[in-house]
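Below is one structure, written out as structure tokens; the observations come after it.
In this chain, numbering begins with 1 at the start of the sequence shown. If you're wondering where the values come from, they're calculated on a predicted model, not measured in any experiment.
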Amino acid sequence: MDASAELFRRNGYTGTGLKQIVAAASAPFGSIYHFFPGGKVQLGEEVIRSSGAMYELLFQAILDPAPDLITGVETIFSSAAETLRETDYADACPIATIALEVASTNEALRRATADVFDSWIATGAERFREWGLDEATSRRLTIALLTSLEGAFVLSRAQRNTEALEVAGATIVEAVRAAVDAGGGSGNGSGDAAGG
């Protein structure tokens, strides 16, 4: 699954063959159908769900220790830009890569990507609420953050620079700051928000 996730991130779902996966995993070809009787589609679905859960944990690991919400959001975008530069623009979000490819052609994989995005939105909105923002603002900002991040990945990979991530990050930080300043939240820490 790890080999598949890396190949899907770099080459997409349709650009990755089963032979490539077993070679990258140093596994016998028959192991795919032993562990994934549904073949590449089942493997793809499980990779989407497990990768989605991993990225959700990463999102929380960045936001939870941040001294304030604005710093946390800035770190999400700066970390994404750093990862792209370090991997020569090869490693972006595998969920978005697959979603773009299969949304109209493979219902099982479309559903898996939709489930992951729904989970990310719910988790992000919950984190924003913990910083004191109301439910509607939290959901709106989470969706804006995700769409900005995913769109910036596409532009950054194509242009081979991080300008799109920097612009998207600054735009979302401004939106978060405006929400906090408008009295929608303290932005000063989950403990403070939860406590009052």
Side-chain angles (χ1 to χ4, degrees), residues 1-63 73 75-121 123-124 143 145-169 172:
M1 284 183 58
D2 290 343
S4 299
E6 182 174 347
L7 288 168
F8 291 161
R9 233 182 359 255
R10 292 171 180 261
N11 305 325
Y13 177 80
T14 56
T16 301
L18 292 178
K19 288 181 181 177
Q20 287 176 284
I21 292 169
V22 295
S26 300
F29 191 83
S31 64
I32 292 226
Y33 291 98
H34 175 75
F35 292 104
F36 304 97
K40 187 178 174 185
V41 171
Q42 183 184 1
L43 173 61
E45 186 174 355
E46 293 195 28
V47 166
I48 289 166
R49 294 185 188 282
S50 65
S51 295
M54 182 198 70
Y55 279 96
E56 191 170 311
L57 290 174
L58 177 61
F59 175 82
Q60 295 175 68
I62 291 171
L63 272 189
V73 171
T75 303
I76 288 169
F77 283 89
S78 64
S79 296
E82 183 179 341
T83 297
L84 278 184
R85 285 190 298 267
E86 288 175 354
T87 62
D88 197 28
Y89 299 90
D91 282 353
C93 175
I95 312 305
T97 301
I98 294 172
L100 286 170
E101 288 183 275
V102 303
S104 300
T105 59
N106 187 308
E107 181 59 18
L109 297 183
R110 184 209 62 78
R111 189 173 50 250
T113 58
D115 289 347
V116 167
F117 288 134
D118 287 344
S119 181
W120 288 357
I121 291 167
T123 296
I143 292 171
L145 185 151
L146 288 173
T147 56
S148 296
L149 188 61
E150 298 295 3
F153 276 141
V154 173
L155 269 67
S156 291
R157 288 184 78 186
Q159 296 173 326
R160 299 189 68 76
N161 66 55
T162 58
E163 180 184 16
L165 276 165
E166 292 158 14
V167 169
I172 297 303

Minimum heavy-atom separation for [X] and [Y], please, with both atom names.
X: Arg157; Y: Tyr89; result: NE-O, 3.0 Å
X: Gly124; Y: Phe59; result: CA-CE2, 3.5 Å
X: Gly12; Y: Thr16; result: O-OG1, 2.7 Å
X: Phe117; Y: Ala99; result: CE1-CB, 4.0 Å
X: Leu109; Y: Gly44; result: CD2-C, 3.8 Å
X: Ala24; Y: Ala3; result: CB-CB, 3.9 Å

Do the non-hydrogen side-chain atoms of [X] and [Y] ever get within less than 4.5 Å of each other?
X: Arg85; Y: Leu165; result: no
X: Phe35; Y: Leu43; result: no
X: Tyr55; Y: Val116; result: no
X: Phe36; Y: Glu45; result: no
X: Ser51; Y: Ile95; result: yes
X: Asn11; Y: Gln20; result: yes
X: Trp120; Y: Leu145; result: no
X: Thr97; Y: Tyr13; result: no

Does any N or O in the side chain of [X] come within less than 3.5 Å of the main-chain N or O of [Y], such that one atom is a donor and the other an acceptor?
X: Ser79; Y: Ile76; result: no
X: Arg160; Y: Asp88; result: yes
X: Glu56; Y: Thr123; result: no

What's the separation between atom [atom1] in [X] and atom [atom2] in [Y], rounded to the nearest 0.5 Å?
X: Leu100; Y: Thr14; atom1: CG; atom2: OG1; result: 11.0 Å
X: Glu82; Y: Phe77; atom1: CD; atom2: CZ; result: 15.5 Å
X: Ile32; Y: Ser4; atom1: CD1; atom2: OG; result: 6.0 Å
X: Phe153; Y: Leu84; atom1: CZ; atom2: CG; result: 5.5 Å
X: Ser50; Y: Asp2; atom1: OG; atom2: CG; result: 7.5 Å

Legend entry - Charged N-O contact under 4.0 Å between Arg110 and Glu107: yes
Inset, instruction - Please say whether more than 12 non-hydrogen atoms of neighbouring residues, nucleotides or ligands are located less than 6.0 Å from CD in Glu163. - result: no
Legend entry - Distance-only side-chain donor-acceptor flag, Thr162 / Glu166, under 3.5 Å: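 Distance-only check passes for Thr162 and Glu166.
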Inset, instruction - Quick one: do Phe8 and Ile21 satisfy side-chain contact (heavy atoms from CB on, under 4.5 Å)? Show the steps, please. - result: CA-CA 10 Å; Phe8 291 161; Ile21 292 169; 4.3 Å; yes
